[in-house]
Amino acid sequence: MSTDFNGTWNIISNDNFESYMQALDIDFATRKVANLLSPQKIIEQKGDSFIIKTISTFRNYEVQFTVGEEFEENTKGLDNRKCQSLVTWDNNKLVCVQKGEKKDRGWTHWIEGDKLYLELNCENQVCKQVYKKVPPA
Ligand code: ECB
């Protein structure tokens with residue numbers, strides 16, 4: 001039985017996001033706005049099938065995938081690149097490799113208690129985010 005990521009999660013910390021955005025060549029003005037956001041993750045999981053929505057007052061981003069099935073990801077509204085993305089399980093961690101123009105790009109999600117962890121990687125930068133679960137209504 002794999003980890004259950006379902007739910008709504010609010011960001012509580014965001015370390016090194018600026019450098020991660022720089023590694024993705026995000027322009028100065030966009031970075032200034034993005035740095036002020038408090039995004040929310042809404043995750044819908046059925047077995048190995050996922051929809052991850054990243055919601056903010058500035059832009060939203062959504063990705064859908066099945067673990068173990070490579071897909072073409074268009075990071076529209078973010079850095080607007082195309083990647084060949086593959087998500088796999090590493091024990092209870094969800095690991096995405098985003099093959100494309102940028103080296104060592106990807107992310108890892110895991111859960112500890114009521115916290116959702118996310119590490120975003122690009123080239124030599126790692127952005128570490130933590131989200132807290134919003135209790136179901
Ligand atoms: C969508 C909320 C943030 C919007 C920031 C807008 C502009 C900045 C442009 C690029 C910065 C790169 C990434 C933005 C950070 C988060 C967006 C999604 C990160 C991601 O890949 O999350 C994965 C794992 O949860 C699912 O897409």
Side-chain angles (χ1 to χ4, degrees):
M1 189 63 184
S2 56
T3 308
D4 179 8
F5 286 84
N6 279 296
T8 298
W9 308 84
N10 287 343
I11 199 161
I12 56 170
S13 65
N14 191 1
D15 180 50
N16 211 40
F17 187 43
E18 170 70 8
S19 300
Y20 171 75
M21 288 193 287
Q22 285 184 19
L24 286 171
D25 309 310
I26 305 303
D27 68 82
F28 179 87
T30 305
R31 294 200 313 272
K32 293 303 134 193
V33 176
N35 269 319
L36 295 173
L37 302 173
S38 293
Q40 191 175 56
K41 294 281 180 189
I42 300 175
I43 302 181
E44 297 166 22
Q45 174 187 4
K46 282 185 184 144
D48 277 351
S49 170
F50 283 81
I51 303 172
I52 302 181
K53 296 173 184 169
T54 308
I55 306 293
S56 79
T57 52
F58 178 48
R59 281 180 200 162
N60 299 326
Y61 184 71
E62 178 174 326
V63 67
Q64 296 201 22
F65 57 86
T66 300
V67 176
E69 295 183 9
E70 192 170 66
F71 62 101
E72 183 176 273
E73 181 172 9
N74 180 351
T75 61
K76 199 170 151 53
L78 304 179
D79 61 315
N80 299 302
R81 287 188 173 89
K82 283 185 179 168
C83 305
Q84 284 302 121
S85 298
L86 174 65
V87 183
T88 55
W89 290 111
D90 175 8
N91 296 302
N92 286 323
K93 293 188 177 181
L94 204 53
V95 179
C96 180
V97 174
Q98 295 170 307
K99 255 190 299 175
E101 185 186 335
K102 290 291 175 181
K103 297 246 178 270
D104 301 319
R105 182 172 185 177
W107 51 259
T108 301
H109 263 303
W110 70 97
I111 288 173
E112 290 174 21
D114 67 346
K115 304 279 198 322
L116 171 72
Y117 290 80
L118 173 60
E119 288 190 0
L120 295 158
N121 301 278
C122 184
E123 296 182 326
N124 53 350
Q125 297 302 325
V126 186
C127 169
K128 298 185 180 195
Q129 300 184 338
V130 184
Y131 295 77
K132 189 175 163 57
K133 188 153 194 171
V134 177

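Residues: numbered from 1 along the sequence shown. Order of listing sets the numbers, starting from 1, for every ligand and every atom in it.
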List, for ligand 1, each N/O atom that has a protein N/O partner under 3.5 Å away, with both atom names and the distance.
unit_1: ligand 1; atom_1: 22 (O); unit_2: Lys41; atom_2: NZ; d: 3.0
unit_1: ligand 1; atom_1: 25 (O); unit_2: Lys41; atom_2: NZ; d: 2.7
unit_1: ligand 1; atom_1: 25 (O); unit_2: His109; atom_2: NE2; d: 2.7

Donor-acceptor under 3.5 Å ([X] side chain, [Y] main chain):
X: Asp27; Y: Thr30; value: yes
X: Lys102; Y: Ala23; value: yes
X: Asp114; Y: Lys133; value: no
X: Gln125; Y: Leu24; value: no

(request) Could you tell me which residues satisfy ring-ring contact (aromatic ring centres under 6.0 Å, His included) with Trp9, sequence neighbours excluded, listed by chain and number? (result)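 Trp9 satisfies ring-ring contact (aromatic ring centres under 6.0 Å, His included) with no residue once adjacent residues are dropped.
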
(request) Determine whether Glu70 and Lys99 make a side-chain contact, defined as any pair of heavy atoms from C-beta on separated by less than 4.5 Å. (result)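 Yes, close enough: below the 4.5 Å cut-off.
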
